[in-house]
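Worksheet: the structure to be examined is printed underneath.
A note on names: the letters A, B, ... follow the listed sequences, proteins ahead of strands, and every chain is numbered from 1. Computed from a prediction, not measured in an experiment: that's the story for all the values here.
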Amino acid sequence: MAGGALAELAKRRGFFFGANGAYGGTAGFYTFGPQGAALKRNVEEAWRDRFTRKEGNREIEAPTVMPEAVFEASGHLDGFDDMLVECGECGESSRADHLVEDATDFEDAESLSGGAVEDLIHEHDVACPSCGVALAGRDVENFNLMFATDIGPGDAHPGYLRPETAQGIFVEFPRLKEYARGSLPFGITQIGPAYRNEISPRGGLLRLREFTQAELEQFIDPETDEPPLDRVADVDVRLYPADEQAAADGEYRDTTVGEAVADGTIGSAWVGYYLGVAREWYERVGVDMDRFRFRQHLAGERAHYAADCWDAESEVGGDWIEIAGFAYRGDYDLSKHGEHGDDAFTVFKRYDEPKTVERATVDPDMSVLGPEFGGDAAAVADALETLAGRDPGAFEGETVTVEIGEGDDAETHEVDADVANFAVEETTENGEHITPHVVEPSFGVGRTVQTLLAHAYETDEVDGEERTYLALEPEVAPRDAAVFPLVTNDDRLVELATRVADDLRAAGLSVAYDDSGSIGRRYRRQDEVGTPFCVTVDRDGIEGDGPETVTVRERDSAAQVRVPVGELAAELATLRAGGEFVSLSERYDSVETDVETTTN
RNA sequence: GCACCGUUGGUCCAGUGGUAGGACAUUAGCUUCCCAAGCUAAUAGCCCGGGUUCAAUUCCCGGACGGUGCACCA
């Protein structure tokens, strides 16, 4: 879709533009203008309605700055860290760790230090892949995609701007599970900005350094929780599975969610459920379904923990762009935070029936172990406890032999069996602590906005004149309606138009008022920003006996009907909520105009 | 980050070693009963820094930003 023309319209009409223009501009940052901000907000609100409200989920707002420890746990500190080496000859930057992996036996050079990689480049005479000149002696620089900052004065507390909103949910899981009364499944959503210090931002809204994500973290018990798949089983989806992408003549698989899950094309029922929900949502906000598909991640691009992963993709300007990701993340995230964090990232899962189990326990007499083993006493006690769980038989003799320490420091100690206070107890277990699995639908809001604009951009002819309009869905359009007096040389029209605009605003609608220029010019202004309905006050509407009426013009067809002022707010509200303009045509008089609309 | 190309009113463009012109848009007035009409007037611009020069928007160097290709893209 005319990318240049759309970018020009976006700038001129106030959808979005490069930020900080007065200071030369800042690559990777965009400001949403009045129209764009309204559109984006409406998209977010539609997402909120579908993925939070209608799913019975809850939304939170976490900070955008988080301490370093969070990202050590999440893996972003290492995983987002690229080692770059620049060729002194041709200036080409390459991934130093990848070059070393190709030249040596190392499979995970990324885990090495920069200095170690520099040494390996030297030892193995690694050369620039572009020009072949040796890279020995060049500095290996770490480039982390996360924006770093300091929390508080000094540099003792490093922090980072979050590279995804998800961590704000994972980190707070121990408390969030309390709000869910400790029971699975439950879902937490968040809409907000995330930050990545991209090496080279490109393509307008497509790759930014600050962008908005809408994410849902669905926490489930993998053994028992099933999605309500029947709700979306009949939803048509266009799938582009990994095997088709690998094939030379790979084709789409047009199927339904239910079938794709049943035949295993979609590996996870939960992922399948959200693909269905997402597909319906995208259609609702105005994505052209002929330019939409779900693409499965290839084995190589999938994170190792992700069992199945699909992207929603839309076609914009001839390219397919990722606009959402759907991942079955297993227990990866919560386990990581469980290892690094202080709190319990588990939920207690109650058994159907309490289980009675025999458990070997020890209760070492520390007043004996202390004097005997000194500083090793605690380690000996721990070893006894471990041994009891592993080999209760070891406690049958007079003494027990335990080993403490590891490797060369390992020591063996003899402990009097009485001191260990070994016992086998019968205990009742009501359940166990399990780490929930996570299903994560993650949406790019800016990319959705870009898609909607590209798919809504239309040209046609009205009355022989070419026009450009945005066929945005009323639910997401920046304005709900515009109100005009047909002409300004009649005060009665101006007064009524002003009153109608005020009334509509009081009714909660977002309304533009315009009395500048000819009526045709005003229609075109609104067409270009996607306002779905224009209300015009004319003389026919105020003369005669009946109630005051105005005309309502539908954007795409330019068709008009005459509606009483008193019913206007309710009708527009219905249209905004998805009502059909045709239903107005059936109940109200059409306005005869000579205007002809020709689709290009 | 590298390479090539570009940057002139709000937008899209023309042009020049002596500080600029158009179209569209905008504003005001006139006109106007339904789709960018017309008339009059007004507002508004050479990306930033350095160099060469009597003089730089123009030439040179560097930077920023944008486009394209490469690299990168949890």
Side-chain angles (χ1 to χ4, degrees), chain A residues 3-5 7-14 17-29 33 71 74-87 89-95 98 128-131 141 143-146 162-164 166-167 194 196-204 206-207 301-306 309 322 325 327 329 333 442 460-469 484-490 493 516-528 534 536-543 551 553 555 558-560 591-597:
Chain A
E8 188 268 321
L9 190 153
K11 210 193 301 183
R12 185 164 45 81
R13 288 299 190 189
F17 50 89
N20 308 318
Y23 291 89
T26 312
F29 295 90
F71 300 110
S74 70
H76 286 100
L77 210 50
D78 291 331
F80 261 45
D81 209 28
D82 288 341
M83 279 187 252
L84 297 179
V85 59
E86 191 182 321
C87 175
E89 187 67 22
C90 69
E92 191 76 18
S93 279
S94 309
R95 284 284 297 267
H98 289 179
C128 172
S130 176
C131 69
E141 291 187 28
F143 182 79
N144 193 290
L145 251 33
M146 287 194 294
R162 63 185 182 195
E164 59 178 20
Q167 295 309 321
R196 291 177 198 178
N197 203 0
E198 298 284 355
I199 296 172
S200 120
R202 286 280 171 87
L206 297 184
R207 199 184 328 157
E301 67 186 307
R302 204 165 55 212
H304 61 275
Y305 49 80
C309 196
E322 175 193 348
R329 299 177 64 96
D333 303 282
S442 170
D460 67 357
E461 271 186 23
V462 175
D463 240 21
E465 293 280 344
E466 183 167 322
R467 79 164 170 163
T468 298
Y469 65 103
F484 318 131
L486 182 58
V487 291
T488 51
N489 61 356
D490 186 335
L493 300 187
S516 165
S518 70
I519 188 67
R521 179 182 299 271
R522 284 177 263 161
Y523 283 141
R524 298 303 171 83
R525 283 186 189 130
Q526 297 303 325
D527 289 343
E528 222 175 24
C534 288
T536 302
V537 178
D538 64 357
R539 234 171 257 149
D540 291 347
I542 57 172
E543 290 171 348
T551 64
R553 166 193 182 266
R555 175 194 59 212
Q560 289 177 287
V591 178
E592 291 300 325
T593 61
D594 299 331
V595 178
E596 277 196 34
T597 306

What is the nucleic acid contact for [X], judged by heavy atoms within less than 4.0 Å: base, sugar-phosphate only, or nothing?
X	answer
A:Q167	nothing
A:R525	sugar-phosphate
A:G325	nothing
A:E164	nothing
A:S74	nothing
A:T597	nothing
A:A27	sugar-phosphate
A:G33	nothing
A:D463	sugar-phosphate

Among the nucleotides [options], which one has an atom lying closest to any side-chain atom of [X]?
X	options	value
A:V487	B:rC34, B:rG1, B:rU32	B:rU32
A:R13	B:rC34, B:rU11, B:rA36	B:rA36
A:T551	B:rA36, B:rU32, B:rC34	B:rC34
A:Y523	B:rA36, B:rC73, B:rC35	B:rC35

Quiz item: Taking both distances under 3.5 Å as the test for a Watson-Crick or G-U pair, what stems of at least three pairs does RNA chain B have?
Solution: B:1-7 with B:64-70, B:10-13 with B:21-24, B:26-30 with B:38-42, B:47-51 with B:59-63

Quiz item: A:F71 and A:P163: which non-hydrogen atoms are nearest, and at how many Å?
Solution: CE2-CD, 3.4 Å

Quiz item: Looking only at heavy atoms, which two atoms of A:T597 and A:A558 are closest? And how far apart?
Solution: OG1-CB, 3.8 Å

If I take atom [atom1] in residue [X] and atom [atom2] in nucleotide [N], what distance separates them, rounded to the nearest angstrom?
X	N	atom1	atom2	value
A:F29	B:rG66	CZ	P	11 Å
A:I199	B:rC72	CD1	P	9 Å
A:L145	B:rC73	CG	P	8 Å
A:Y23	B:rG63	OH	C1'	18 Å
A:E466	B:rC35	CD	P	18 Å
A:R521	B:rC34	CZ	C1'	15 Å
A:D490	B:rC34	CG	P	14 Å
A:R467	B:rC35	CZ	P	13 Å

I'd like to know if [X] reaches the base of [N] with its side chain, counting only an N/O donor and acceptor under 3.5 Å.
X	N	result
A:R202	B:rG69	yes
A:R553	B:rC35	yes
A:Q560	B:rC34	yes

If I take atom [atom1] from residue [X] and atom [atom2] from residue [Y], how far apart are they, to the nearest 0.5 angstrom?
X	Y	atom1	atom2	answer
A:R207	A:R196	CZ	CZ	11.0 Å
A:S442	A:E322	OG	CD	8.0 Å
A:S516	A:R521	OG	CZ	7.5 Å

Self-check item: Partners meeting side-chain contact (heavy atoms from CB on, under 4.5 Å) with A:I519 (sequence neighbours left out)
Solution: A:F484, A:L486, A:R522, A:Y523, A:T536

With [atom1] as the reference atom in both, quote the distance from [N] to [M] in angstrom, rounded to an integer.
N	M	atom1	value
B:rA14	B:rA23	C1'	10 Å
B:rC54	B:rC48	C1'	25 Å
B:rC24	B:rG49	P	33 Å
B:rG10	B:rC61	C1'	32 Å
B:rC30	B:rU68	C1'	50 Å
B:rU26	B:rC34	C1'	23 Å
B:rA25	B:rA36	C1'	10 Å
B:rU58	B:rG6	P	14 Å

Exercise. Identify whether the distance between the nearest side-chain nitrogen and carboxylate oxygen of A:E465 and A:R524 falls below 4.0 Å.
Key: no

Quiz item: Does a nitrogen or oxygen in the side chain of A:S518 sit under 4.0 Å from OP1 or OP2 of B:rA37?
Solution: yes

Quiz item: Quick one: is B:rU27 close enough that its OP1 or OP2 comes under 4.0 Å of any side-chain N or O from A:S516?
Solution: yes

Quiz item: Starting at the 5' end of RNA chain B and moving along, which residue's nearest nucleotide shows up first, A:R12 or A:E465?
Solution: A:R12

Quiz prompt | Given RNA chain B, 5'-ward residue of the pair A:G28 and A:E198, judged by closest heavy atom | solution = A:G28

Quiz item: Got a donor-acceptor contact below 3.5 angstrom from the A:N197 side chain to the A:N144 backbone?
Solution: no

Practice problem: Show the numbers, then the answer: is there a side chain to side chain contact (heavy atoms under 4.5 Å, CB included) between A:H76 and A:L145? | Solution: CA-CA 9 Å; A:H76 286 100; A:L145 251 33; over 6 Å; no

Practice problem: Apply the test side chain to side chain contact (heavy atoms under 4.5 Å, CB included) to residues A:I542 and A:L493: give CA-CA distance (whole Å), side-chain angles for both, the deciding distance (0.1 Å), then the verdict. | Solution: CA-CA 8 Å; A:I542 57 172; A:L493 300 187; 3.7 Å; yes

